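This is the structure, below, for whatever I ask next.
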There are 2 protein chains.
Amino acid sequence: MFSQSCKYAIRAMFLIAQRSNEGKFIGIKEIAEGLDAPQPFIAKILQDLSKKTMVISAKGPNGGFMLSESQRHTTLLDIVVAVDGNKIINSCCLGLRDCNEKSPCPVHDEYKLIRKKINSMLSTTQVSDYNDELSMSKLFLKDK
Amino acid sequence: MFSQSCKYAIRAMFLIAQRSNEGKFIGIKEIAEGLDAPQPFIAKILQDLSKKTMVISAKGPNGGFMLSESQRHTTLLDIVVAVDGNKIINSCCLGLRDCNEKSPCPVHDEYKLIRKKINSMLSTTQVSDYNDELSMSKLFLKDK
DNA sequence: ATATTAAAAGAGTTAAAGGTCTTTTATTAT
DNA sequence: ATAATAAAAGACCTTTAACTCTTTTAATAT
């Protein structure tokens, strides 16, 4: 469904959103630990999100990553599109480039509904929606 | 969502199902053309499905592939599981191995519904369900 | 000013998916 | 029997995703 990079990106954004409440930057090391993910890989992904102005970064002591007030309203769809592109939004699940209402693949109609649900889930969820549940350990961003 | 191999496998099975009505074997060359897909790659995929007894194959003149009466009831879920394994059925969309009701990821509940819809679509669709529409060119298995 | 901290940049590596090619084996029509 | 046909088998190549490593740049605390 999503690339590994995209899954990490979403999880990282949930984590940064939660910590941004406290008004502090969170470092890559802490993020990688919080997700149980490879640190250099997470660094790459966040670098990318930073370039796309979806997260604020700061170098030097007490540096790290943080979300501005408006960035906390970033949706999962924003992240997915930024990382994986928009194929999830509109592509045929059997891989047909030209699949559409006029010349549909066998599962076009059924899959359309599923795609709609996926888009709805992604576009209605914001990265700060679960800050509290994450803080209270009712929801998790890593295994174990 | 599905691997490229899996997409080809599904499309190939739809095509073989349709041609199996006529009681004849369909060759790899014709299948590859019918899907506009690379012939040697399709050959490998079908070899695999043949080993798993999801399709009958015959060598020599007039040989090719065909579905038995019971094989025509193969569901898309059967194909997906055979080719991509069962990760689609039960894995967390954020990649957490241990995501479950007890320790869920932030989108666990919402994604559960989507996964259910996907499974429902896959398990209720049989490869021969669209034979007629495919014959009448109301549905398509390739681009252009 | 300097040392330290931490992200940015970018080259490099590894593994898996996607796809190709060649040889072998089985079948059947003549 | 033999030639022709078509899948099986398996080695091989290519591309992309996933991940790592090293060096550079920027910020800050002393």
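Bear in mind the structure is a predicted one, so any value in this text is a computation, not a measurement. Hydrogens, waters and symmetry mates are skipped; everything else that's a heavy atom, side chains included, is used. So that the names make sense, note that chain A is the first sequence line, chain B the second, and so on, each numbered from 1.
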Would you mind reporting whether Ile114(A) and Ile118(A) have side-chain heavy atoms less than 4.5 Å apart? yes

What does Gln4(B) touch in the nucleic acid at a heavy-atom separation under 4.0 angstrom: a base, only the sugar-phosphate, or nothing?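 Sugar-phosphate, no base atom in range.
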
Side-chain heavy-atom pair Asp84(B), Phe2(B) within 4.5 angstrom cut-off: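 Asp84(B) reaches Phe2(B) side chain to side chain.
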
Rounding to an integer number of Å, can you tell me how far Tyr8(A) OH sits from dC19(D) C1'?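 In whole Å, dC19(D) C1' and Tyr8(A) OH are 9 Å from each other.
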
What is the 5' to 3' range of DNA chain C, first to last nucleotide, that sits under 4.0 Å from any heavy atom of chain B?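 Range of nucleotides touched by chain B: dG18(C) to dA29(C).
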
Do the non-hydrogen side-chain atoms of Ile79(A) and Met54(A) ever get within less than 4.5 Å of each other?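 Contact flag for Ile79(A)/Met54(A) side chains = yes.
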
Lys52(B) with Asp48(B): basic N within carboxylate O range, under 4.0 Å: yes

Using atom types as modelled, flag every donor-acceptor pair under 3.5 Å from a side chain in residues 12-23 of chain B to any protein atom, sequence neighbours excluded.
| residue | atom | partner | partner atom | Å |
| --- | --- | --- | --- | --- |
| Gln18(B) | NE2 | Ser135(B) | OG | 3.1 |
| Arg19(B) | NH1 | Glu30(B) | OE2 | 2.4 |
| Ser20(B) | OG | Ile16(B) | O | 2.7 |
| Ser20(B) | OG | Leu67(B) | N | 2.9 |

Hey, could you give me the NZ/CD1 distance between Lys7(B) and Ile10(B), rounded to the nearest 0.5 Å?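 One gets 9.5 Å once the value is rounded to the nearest 0.5 Å.
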
Is there a side-chain contact between Leu96(B) and Arg11(A) in this structure, where contact means two heavy atoms from C-beta onward sitting under 4.5 Å apart? yes

Need one value for Lys29(A): base, sugar-phosphate or nothing, where a base atom within 4.0 Å counts as base even if backbone is also close, heavy atoms only. nothing

Does any non-hydrogen side-chain atom of Leu122(B) lie less than 4.5 Å from one of Asp78(B)?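 They are not in contact (no side-chain heavy atoms under 4.5 Å apart), so the answer is no.
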
Tell me the closest heavy-atom pair linking Ser91(A) and Arg115(A), and the distance in Å. O-NH1, 2.9 Å

All ring-ring contact (aromatic ring centres under 6.0 Å, His included) counterparts of Tyr8(B), not counting sequence neighbours: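 With neighbours one apart ignored, the set is Phe41(B).
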
Any non-hydrogen side-chain atom of Glu101(A) less than 4.5 Å from a side-chain atom of His108(A)? yes

Are Asp36(A) and Lys144(A) close enough for a salt bridge, meaning some N to O gap below 4.0 Å?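 Yes.
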
Using a strict heavy-atom distance below 4.0 Å, which residues from residues 78-99 of chain A are in contact with DNA chain C?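 Of all residues in residues 78-99 of chain A, none places a heavy atom under 4.0 Å from DNA chain C.
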
Any non-hydrogen side-chain atom of Ile56(A) less than 4.5 Å from a side-chain atom of Phe65(A)? no

Below 4.0 angstrom from OP1 or OP2 of dA18(D), is there any side-chain N or O of Ser5(A)? yes

Using atom CZ of Phe41(B) as one end and atom P of dC13(D) as the other, report the distance to the nearest whole Å. 18 Å

Roughly how many Å is it from CG in Leu46(A) to P in dC19(D), rounded to a whole number? 14 Å

For residues 54-72 of chain B, which residues have at least one heavy atom under 4.0 Å from DNA chain C?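 Correct list: Lys59(B), Gly60(B), Pro61(B), Asn62(B).
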
Please report how far the helix from dA1(C)-dT30(D) to dT30(C)-dA1(D) bends, comparing the axis fitted to its first five pairs with the axis fitted to its last five, to the nearest 10 degrees.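 Result, rounded to 10 degrees: 0°.
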
Select base, sugar-phosphate, or nothing to describe what Ile28(A) touches, counting heavy atoms under 4.0 Å on all strands. sugar-phosphate

Could you state the atom-to-atom distance from CD1 of Ile42(A) to P of dC21(D) in whole Å?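 Going from CD1 in Ile42(A) over to P in dC21(D) covers 15 Å.
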
Determine the contact category for Pro40(B): base if any of its heavy atoms lies under 4.0 Å from a base atom, sugar-phosphate if only primed atoms, P, OP1 or OP2 are that close, otherwise nothing. base

Between P on dT22(D) and NZ on Lys44(A), what's the gap in Å once rounded to a whole number? 14 Å

With a 4.5 Å heavy-atom cut-off, do Leu141(A) and Pro106(B) have their side chains touching? yes

